[in-house]
Asks: 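Right, I'll just put the structure down here and ask away after.
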Amino acid sequence: MPEGTYLYAVARDVLSQCPDGVADLPVRTISGGPGLVAYVSTVPLDRFGEQPLRRSLEDMDWVAETARAHHRVVDAVAAATATAPVRLVTVYDGDGPVRDLLDRRGQDFLRVLDHVTGRREWGVKAYAVASADGADGQDEPAAATPHAGRPGTAYLQRRRANLRGREQIRRQALQRADHIHRALSALSVAGCRHRAQDPSLSGRHDWMLLNGAYLVDDKREDEFAELARDLGGDGVELRVTGPWAPYSFTVMETR
Amino acid sequence: MSPVERPSRRIVADPDTVERDLTRLVLTVVELVRQLVERQCVRRMEQGDLTDDQIETLGVTLMRLEEAMGDLCDRFGLTPQDLNLDLGPLGTLLPTND
């Protein structure tokens, strides 16, 4: 059966132990380039070739399981040493192309690894939560309407107040998210904003204002957590996740 | 109606649910148009290029349409959230009433 080489991450050190990888396959290392180590698994191409993958990637259960295994390996390596994770399901035609990659892009990998050494990625999500004073209570009391006997006009006036209120709330919330992102970025080595998560995936229906990732010096983690705490409140809930392997700050084209 | 949980914005052409799903699709489009017309009315009302009588007529029409939408939703067991469209970076079509 033809086999391929699945690449998880690149680092400078070899771990003595590593959890199993995708499809419960063992993980091994390939050394090469300027002192680099690639963490890989040998995978059967009848499941990890281009055609089978195209089908499998539409199967959410398969993707979830594969992603979990991928992250398990990356997290284990990242917990021990500076790591450049590679995108999910990056499969090469054997070990040769991986060695070639380490040679060819060795300096790029070293630069990325230097950038993340002594630093970890933290995620911060900001949600708009209904504030206690009822920010959406735009419905004016019916008695106050000056359009008695003109129900259509009263209706449109109500809709107008409602739309305006929504627009204003939206604008304020977006400004707030910008402010939070700037404040967190100022304390970080690097920061970036990802697309807000789909509520059907995150299972949370509050409006996500910010889905940020921040590369933070180990020494400043407490400071960062404290700042994130202070920035929340007043209709915005901040949720800090991590530490993560530095996925958001190490993506490089590995082809 | 199927008790099975499924992504709320997907139309499933299952023989058992096709009527409800198609109804939902049609009502979603109608609701989208209604919302657009309503916003356009509000905008023109703010600009002052509608007479008081025109405002009243439009308002009553839109109000009745809203009521009719509510009735139809009830009949097919749909909630306003079922008609919501995710417009990506623009947010959702209708306010999410969380």
Side-chain angles (χ1 to χ4, degrees), chain A residues 58 60-61 127-132 134-139 142 145-174 177-178 193-211 235-237, chain B residues 4-12 24 31-70 79-98:
Chain A
E58 291 185 2
M60 287 313 275
D61 291 338
Y127 297 92
V129 288
S131 55
D136 53 356
Q138 303 293 329
D139 289 336
T145 167
H147 304 286
R150 296 184 79 84
T153 307
Y155 172 83
L156 274 185
Q157 292 289 1
R158 247 187 348 261
R159 290 297 298 148
R160 172 168 166 235
N162 199 314
L163 288 171
R164 275 214 175 150
R166 270 180 76 192
E167 178 54 31
Q168 203 179 351
I169 289 168
R170 210 180 73 89
R171 208 172 303 145
Q172 282 169 353
L174 289 177
D178 287 344
R193 290 178 80 159
H194 295 296
R195 267 191 63 171
Q197 276 172 342
D198 188 326
S200 68
L201 293 180
S202 64
R204 182 164 175 162
H205 291 276
D206 293 322
W207 176 26
M208 189 186 282
L209 300 173
L210 170 71
N211 184 10
V236 174
E237 188 185 315
Chain B
V4 178
E5 202 68 44
R6 60 159 190 265
S8 64
R9 287 189 294 275
R10 184 167 297 172
I11 305 290
V12 180
R24 198 179 78 194
E31 179 63 8
L32 171 65
V33 173
R34 196 187 73 79
Q35 292 267 343
L36 289 176
V37 171
E38 201 167 79
R39 275 163 216 227
Q40 178 74 352
C41 285
V42 167
R43 208 170 59 78
R44 289 188 61 186
M45 184 171 74
E46 284 176 335
Q47 285 173 346
D49 60 355
L50 292 174
T51 67
D52 285 358
D53 284 343
Q54 282 175 322
I55 291 175
E56 177 60 19
T57 309
L58 282 167
V60 168
T61 308
L62 289 165
M63 190 166 59
R64 295 221 175 109
L65 259 174
E66 190 190 40
E67 286 165 9
M69 284 298 291
T79 68
Q81 287 317 298
D82 289 326
L83 306 188
N84 215 343
L85 283 179
D86 189 348
L87 303 175
L90 298 176
T92 51
L93 171 65
L94 310 171
T96 48
N97 52 358
D98 286 325

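In what follows, every heavy atom counts, from backbone to side chain, and hydrogens, waters and symmetry copies are set aside. All figures in this text were calculated on a predicted structure; none of them were measured in a lab. Note on naming: letters A, B, ... go to the chains in the order of the sequence lines (proteins, then strands), and numbering restarts at 1 for each one.
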Asks: Report yes if the side chains of B/Ile55 and A/Gln157 come closer than 4.5 Å at any heavy-atom pair, otherwise no.
Replies: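 SC-SC contact between B/Ile55 and A/Gln157 ruled out.
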
Asks: Quick check: under 4.5 Å, non-hydrogen atoms only, which of residues 61-70 of chain B neighbour chain A?
Replies: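 At a heavy-atom separation under 4.5 Å, chain A is reached by B/Leu62, B/Met63, B/Glu66.
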
Asks: Not counting sequence neighbours, which residues clear salt bridge (Lys or Arg N to Asp or Glu O under 4.0 Å) with B/Arg34? List them please.
Replies: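 For B/Arg34, the residues satisfying salt bridge (Lys or Arg N to Asp or Glu O under 4.0 Å) (neighbours in sequence not counted) are B/Glu31, B/Glu38.
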
Asks: Looking at every heavy atom in both A/Leu156 and B/Gly59, which two are closest together, and how far apart are they?
Replies: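 Taking every non-hydrogen atom into account, CG-CA, 3.8 Å.
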
Asks: What residues, two or more places apart in sequence or in another chain, satisfy salt bridge (Lys or Arg N to Asp or Glu O under 4.0 Å) together with B/Asp49?
Replies: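 Applying salt bridge (Lys or Arg N to Asp or Glu O under 4.0 Å) to B/Asp49 gives B/Arg44.
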
Asks: Is B/Val42 close to A/Leu163 at the side-chain level, that is, under 4.5 Å between some pair of heavy atoms?
Replies: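 A side-chain contact exists here, since the closest heavy-atom pair is under 4.5 Å.
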
Asks: Output all residues satisfying salt bridge (Lys or Arg N to Asp or Glu O under 4.0 Å) with B/Arg43, sequence neighbours left out; order by chain, then residue number.
Replies: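 Residues passing salt bridge (Lys or Arg N to Asp or Glu O under 4.0 Å) with B/Arg43: none at all.
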
Asks: Please walk me through it: do B/Asp52 and A/Arg150 pass side chain to side chain contact (heavy atoms under 4.5 Å, CB included)?
Replies: CA-CA 10 Å; B/Asp52 285 358; A/Arg150 296 184 79 84; 4.0 Å; yes

Asks: Would you check if A/Arg159 and B/Met45 make a side-chain contact, meaning some heavy-atom pair closer than 4.5 Å?
Replies: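 When only atoms from C-beta onward are counted, B/Met45 and A/Arg159 do not touch, as no gap falls below 4.5 Å.
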
